[in-house]
**Q** 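Quick one: structure below, then a few questions.
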Amino acid sequence: MGRRKGRTPPPESDTEPYELDAVVGEEVRNGVTFFLVRWKGYGPESDDWKKEEDVQAPELVERFRAEPQNATQGASSGPSATDMAGTVSAFGRSNRKRSSNNEGKRKKAVYPEKSPTSPLASKLPDSKQASSGLPLPENDNGVPAIGSIYASPPIASAPVSRLPARGFAGRGNRVDDTVADNAALTASQHAPPDSGTVVRPLAGKPSNSFRDANKRPRSLSLDTAETPSKRKFTAFSEDAAALVPTKIVDAHAQVIADEWNEVARQSGVPENAKITFINEIDHEPVPPDINTLFTYLEKDCLSSVQVPNPPKAETMPCIGRHSAFTDEGLFTFDTNCKIIIECGQDCSAASSCENRVTQLPRTIPIEIFKTAERGWAARSAVPLVRGQVLGLYTGLIISRTTASKLIGADAAYIFQLDMDEPQDADPSLVYSVDAFRSGNWTRYINHSCSPNTAIITVARGSAHESLPYTLAFVATQNIVPLAELTLDYDPSEAKKFAEKKYREKSRSKILKRKRNQTPCKCGTLQCRGWLPQM
Ligand SMILES: C[S@@+](CC[C@H](N)C(=O)[O-])C[C@H]1O[C@@H](n2cnc3c(N)ncnc32)[C@H](O)[C@@H]1O
């Protein structure tokens, strides 16, 4: 691997890309498919320059196989947040020795973009919509404006005492009407990352360790008689039901699901928006950190700390209520507000107030499903539209001092409320949400370097109603049924990655593995290699 042929490439230029010349081979390592590809050229005068390297870029290879001429064309028009295959090739390269100093120094990026003439163009997500989240504000210190989940391998939780969940009895969700209007949304826009291969359950030893969550169980090894059959979803049909694989719901999962659905029902979630657990990968019955002592919180967080009062109702008037959301309740993505202010109890319009979009009950049926490499994950059984509010990140509010002491699995579900927070903030006075022992289905939203959801921060009009503010997931693109819902756990890193001036320096810094960092298995062309770390 990594052989280089031809003469030494000419001096580096940011505008001249590699061009994919051939897919020479492919190999599965640790469950991830790497492709040996041959790149060619740095410009017209160096067309004879070629080299081979292994990359983890299934989309690029698929595109190349379908239409070799257009797979990497348009590259010289420059990078975008969505189309940075260079990160992938750099990641692939880091796994092997470089063949020469010259090559080692060079880090050329490939920026595959939609070719307007390509028949595949309509199948690729729109680059604006599929950008790595929202054009989210960042504070002056470069701290993620919205907050970040940090990653570490999850393990089984210890039982905790149960606390009651509070609920908001709101009215019907207008967003759902829009979903219905968009039911004809064709599924060809993008494929759910995990639907490429659906593995049926096996007879054999169940895997109960959460530490195994991201690893394919031994019983899937190809040399056993029980090699699973694989079913490929090559394209979506409009009939979403045809895509729904056989659901394996065991008795234990059913008990947990019933309990969660009952809490959700009390919060106003309709009957047809149930949560189900599905495992088509192995025998792990339900996410193992979930037992009957886990506290399901559909809408509101619990708090272990006395958070100082957020701004008072007078300073959060019921104005500009349509600035952040459309009349249909879809987030507009064009607000500069770091915190979206919704009405709270002080609003005279009470529950008929339209400025309560994120307080409306969830209307989306959710499937929590096992993936081969990313543990458990969440997806919607119905189509979602860009801007739709999907749910709130709930859990226990803890101080940053407490959060920073958590390690390993205990830290896997922490979302920093670091929006607008000075870098030298007193850690005992800034907060995080921990969804390890209490939370809701959103705790299963995995990281992707090219996500389809983002977080918006919302405060409610009156003190103590949202402590200190609410984290709401919104769809950043139209999402087909059963596509895994994903979030960039550190959008500020993605932003740096996309910026030209940071490109070489910050990319290599980001791509370099830090201690204990977890490999990212998002499988996208934009993959930065590792999960963000606290
Ligand atoms: C908030 S939890 C998400 C739910 C988790 N998959 C589970 O099974 O409970 C974050 C953890 O999920 C796993 N994870 C999330 N995104 C991942 C990714 N892109 N690649 C590998 N592991 C991922 C990591 O173990 C991470 O610490």
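We use all heavy atoms of the structure for the numbers below, so side chains are in, but hydrogens, waters and symmetry mates are not. Start at 1 and go down the list; that is how both ligands and their atoms are numbered.
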**Q** Output the list of atoms in ligand 1 that are nearer than 4.0 Å to some heavy atom of G375, sorted by atom number.
**A** 6 (N), 8 (O)

**Q** Which of the numbered atoms in ligand 1 are under 4.0 angstrom from any heavy atom belonging to A412?
**A** 1 (C), 2 (S), 10 (C), 27 (O)

**Q** Can you figure out which of Y489, W530, Y413 has its heavy atom closest to atom 7 (C) of ligand 1?
**A** Y413

**Q** Can you tell me how the ring of F473 sits relative to the ring of W441, calling it parallel under 30°, perpendicular over 60° and tilted otherwise?
**A** tilted

**Q** Enumerate the atoms of ligand 1 whose separation from the nearest heavy atom of C520 is less than 4.0 angstrom.
**A** 19 (N), 20 (N)

**Q** Could you pull out the closest heavy-atom pair between D434 and I398, with the gap in Å?
**A** CB-CD1, 3.9 Å

**Q** Scan L471, T457, L392 and name whichever one has a side chain to side chain contact (heavy atoms under 4.5 Å, CB included) with T358.
**A** L392

**Q** Between the side chains of D488 and R528, is the shortest nitrogen-to-carboxylate-oxygen separation below 4.0 Å, so that they form an ion pair?
**A** yes

**Q** Who's closest to atom 3 (C) of ligand 1 heavy-atom-wise, of D488, T486, N446?
**A** N446

**Q** Heavy-atom contact under 4.0 Å between C522 and ligand 1?
**A** yes

**Q** Who are the side chain to side chain contact (heavy atoms under 4.5 Å, CB included) partners of V23, not counting sequence neighbours?
**A** F35, V37, V61, F64, R65

**Q** Select the closest option to atom 23 (C) of ligand 1 among T518, I368, L531, judged by heavy-atom distance.
**A** L531

**Q** I'd like to check which ligand 1 atoms, numbered from 1 as shown, lie under 4.0 Å from a non-hydrogen atom of R443.
**A** 1 (C), 2 (S), 3 (C), 4 (C)

**Q** Compare F415, W376, Y393 and give the one whose heavy atom is closest to atom 8 (O) of ligand 1.
**A** W376

